[in-house]
Each structure stands twice: as structure tokens, then as C-alpha cells.
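Before any comments, here is the structure.
Owing to the predicted nature of the structure, the values given are computational and were not obtained by experimental measurement. Just so we're on the same page: letters track the sequence lines, and every chain starts at 1.
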2 protein chains.
Amino acid sequence: MKIGELAARTGVTPRLLRYYEQVGILHPFRSSNGYRTYGEPAVERVLQIRELLEAGFTTEMIREVLPCLADSDHRALGDCPVVADLDGLRHQLGSIERRIDTLQRNRQAIKAYLRAWEDAGA
Amino acid sequence: MKIGELAARTGVTPRLLRYYEQVGILHPFRSSNGYRTYGEPAVERVLQIRELLEAGFTTEMIREVLPCLADSDHRALGDCPVVADLDGLRHQLGSIERRIDTLQRNRQAIKAYLRAWEDAGA
DNA sequence: GTAAACATTCTCATTAATGTCAGGGTCAAG
DNA sequence: CTTGACCCTGACATTAATGAGAATGTTTAC
């Protein structure tokens, strides 16, 4: 499919799809006229990129982890390109875990605060 | 304490401390000479700001949630300034929970991937 | 009282993720 | 063949979070 259709199906602007290609997290083919051509799996990939970006990842982190996340259902390890840098991956993992931690602590605090107000208001 | 000391004690540059004031998440007093003056609790507050920023919050989100997080140990609800917008808070809570979710799913996937490689490599 | 250390404000620069617009190709429908 | 919809590249703008520097005032310590 061409960029417009992918954009429509993912809710992401063509501009951003081109950007994602530019930073190396999306790799469309080019047809002879120069148009970008995306396969069906691109849809899910783009959605995952969005999800990760909204969770606060940078495109650089995504470039590191996405290869190992993509298509995780039907893929054997052998399919993986040469092995993304495992140490980098472990590092990302640590950073993700720290973030989860911070988020959980703060979620707790906000919940407690809200509950206190709700109790008081009732 | 003055800005330099707070910077030293938190590892945050004076530049950023001024920035945090500018965006309304840090509120030093001013002494007669115009110098910013911070109280002891500012240290922890700054550290929390850093933590939240590193977890991917924006200063705007922090402005919303920090009032209800700050000093959460020794504070009665009554001390809270008029009540930060409870609905905004619930919204932030939802967003935090979605992020935790995304993060956890991806942590899982990365761990599985790493484990697979380690098993294979062994 | 002069110099060093630290403060102030203001301005400009940078990176990441986006938006927007301009100048041009491509293609399908009429 | 022309028009309209869609694609391409490239350039410039913006917001957030930072860094860096200039020009200037204040405090400290000799």
C-alpha cells in the first residue's frame, strides 16, 4: 500500500511516516516511480511505534528494541538480523524497569490522594 | 539556600532550576537582592521532578500532579491549595496506567527475547 | 576596595517530534 | 490532454527540555 493508505489506517500523518523512515524505524520499499510501498505488517508496526512513543520512548530507543519486538508472534530467533546488540537491549530493559517503578510509585500516590478527597467529599 | 547550593545538592544545573521556576513547578522565594531562596524541602522536590521527567512526564503533567505528591508524608489534605483539579488528576492517572501497561508488555517481550538468546547461546 | 565567586536577566543554540508549505512528478478519470 | 488527487523532496516553523554566553549586579574574603 502507499503512504496515504497507511496513514489513513493508522491515524498517523504521512509526514510522520516519512520521518519514521528517516530515523530508521520503518523501512518501506520503493516502487519504480519513487513511491513508498508498505506491506500489511507495517500497520501493526506503526501502531506499536506510536504506542512506544506515547509511553515516552525516543525513536532511538525504539530503533534498538523494535527489531526484537516486531512480529513477535510468528518469528523464530533465526529470523533476527544478526542479533541486535544484546547489551544495549539489557540496558533498555533496565531503563524500562526503572520507569515502571517510578510510574507505579506515583500512580499509588495519586490514587491515595484521590481516594482521600473522595472520602472527604462524601 | 541559594540556587548554587540547591544545584550542587541535586545535581541539576542552575539553568534548569530557573527553568523549572519559569514553567511553574518550583517556587523559590526572592530575597531583597533578587536572589532565589530555596527551603530544605526544595531538594526532595527537585529530585522528584527529575525522576518524573526521566519517566517521561512533561513539565505540564508535573505541574498538575506534583501539588498532590509533594511532601506527601507530613501533610493533611487541608494543607492542599484549594484542590488541584481532580478531574485532571484522574485523567493523568489514566494516562499513567496506560503507560505502565505499555511498558510492562514491552518489558515482557524484551525479557522473553533476551532469554531466548541466552538459552540459545548457552 | 578590589578580585573572585556567585547571582540576575536576556538571548541564542540544539535535539526530538511534529506541522506546514512550496515546487514538482505520477496517475487515473473524464 | 487536462484536471485533481496523491506522491516526492526540501526548507522552514514550533514546542519542550536543555546548554551556553553576554552584560551586569552582589557578596565574600583578602
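- Of the candidates C/dA17, D/dA16, C/dA7, C/dA7 carries the atom nearest the B/I3 side chain, counting heavy atoms from C-beta on.
- Side chain B/R36 to base C/dT8: no donor-acceptor pair is found below 3.5 Å.
- We find that CZ of A/R63 is positioned 14 Å from C1' of C/dA17, with the value rounded to whole Å.
- Atom-to-atom, CE of B/M1 to P of C/dC6 comes out at 16 Å; the value is rounded to the nearest Å.
- Listed candidates were C/dT26, D/dT18, C/dG19. Nearest to the side chain of B/Y20 is D/dT18.
- Phosphate contact (OP1/OP2 of C/dG19, side-chain N/O of A/T13, threshold under 4.0 Å): present.
- Between A/R15 atom CZ and D/dG10 atom P there is a gap of 12 Å when expressed in whole angstrom units.
- A/Y38 pairs in a side-chain contact (heavy atoms from CB on, under 4.5 Å) with only one of the listed residues (A/V43, A/L26, A/V46), which is A/L26.
- At whole-Å resolution of the value, CZ in A/F57 and C1' in C/dA17 are 16 Å apart.
- Listed pair A/Y19 / C/dA17 meets the phosphate criterion, a side-chain N or O lying under 4.0 Å from OP1 or OP2.
- For B/L16 and D/dT18, the CG to P distance is 5 Å, given to the nearest whole Å.
- Using a cutoff of 4.0 Å between basic side-chain nitrogens and carboxylate oxygens, A/D87 and A/R90 are scored as salt-bridged.
- Rounded to whole angstrom, the span from the CD atom of B/E5 across to the C1' atom of C/dA5 amounts to 15 Å.
- Residue B/L53 is the one, among B/S32 and B/L53, whose nearest nucleotide of DNA chain D lies closer to the 5' end (criterion: closest heavy atom).
- The side chain of A/R30 has D/dC8 as its nearest neighbour among D/dC8, D/dA17, C/dG19.
- Atoms CD (B/E21) and P (C/dT8) sit 9 Å apart, rounded to a whole Å.
- Contact check on B/D101 versus B/R105 returns a salt bridge, with a Lys/Arg side-chain nitrogen under 4.0 Å from an Asp/Glu carboxylate oxygen.
- Counting distance only, with no hydrogens placed and no angle test, the side-chain atoms of B/Y35 and the base atoms of D/dG25 include a donor-acceptor pair under 3.5 Å.
- Distance check: B/E51 CD to B/Q48 CD gives 6.0 Å after rounding to the nearest 0.5 Å.
- Ion pairing between a basic and an acidic side chain is recognised when a charged N comes within 4.0 Å of a carboxylate O; B/E40 and B/R9 show such pairing.
- Among the atoms of the strands shown, base atoms are found under 4.0 Å from some heavy atom of A/R18.
- Which of D/dC7, D/dA20, D/dT26 sits closest to the side chain of B/N33 comes down to D/dT26.
- Within the 4.0 Å cut-off from OP1 or OP2 of C/dT18, at least one side-chain nitrogen or oxygen of A/R50 is found.
- The separation between B/E54 atom CD and D/dA17 atom C1' is 12 Å, rounded to whole Å.
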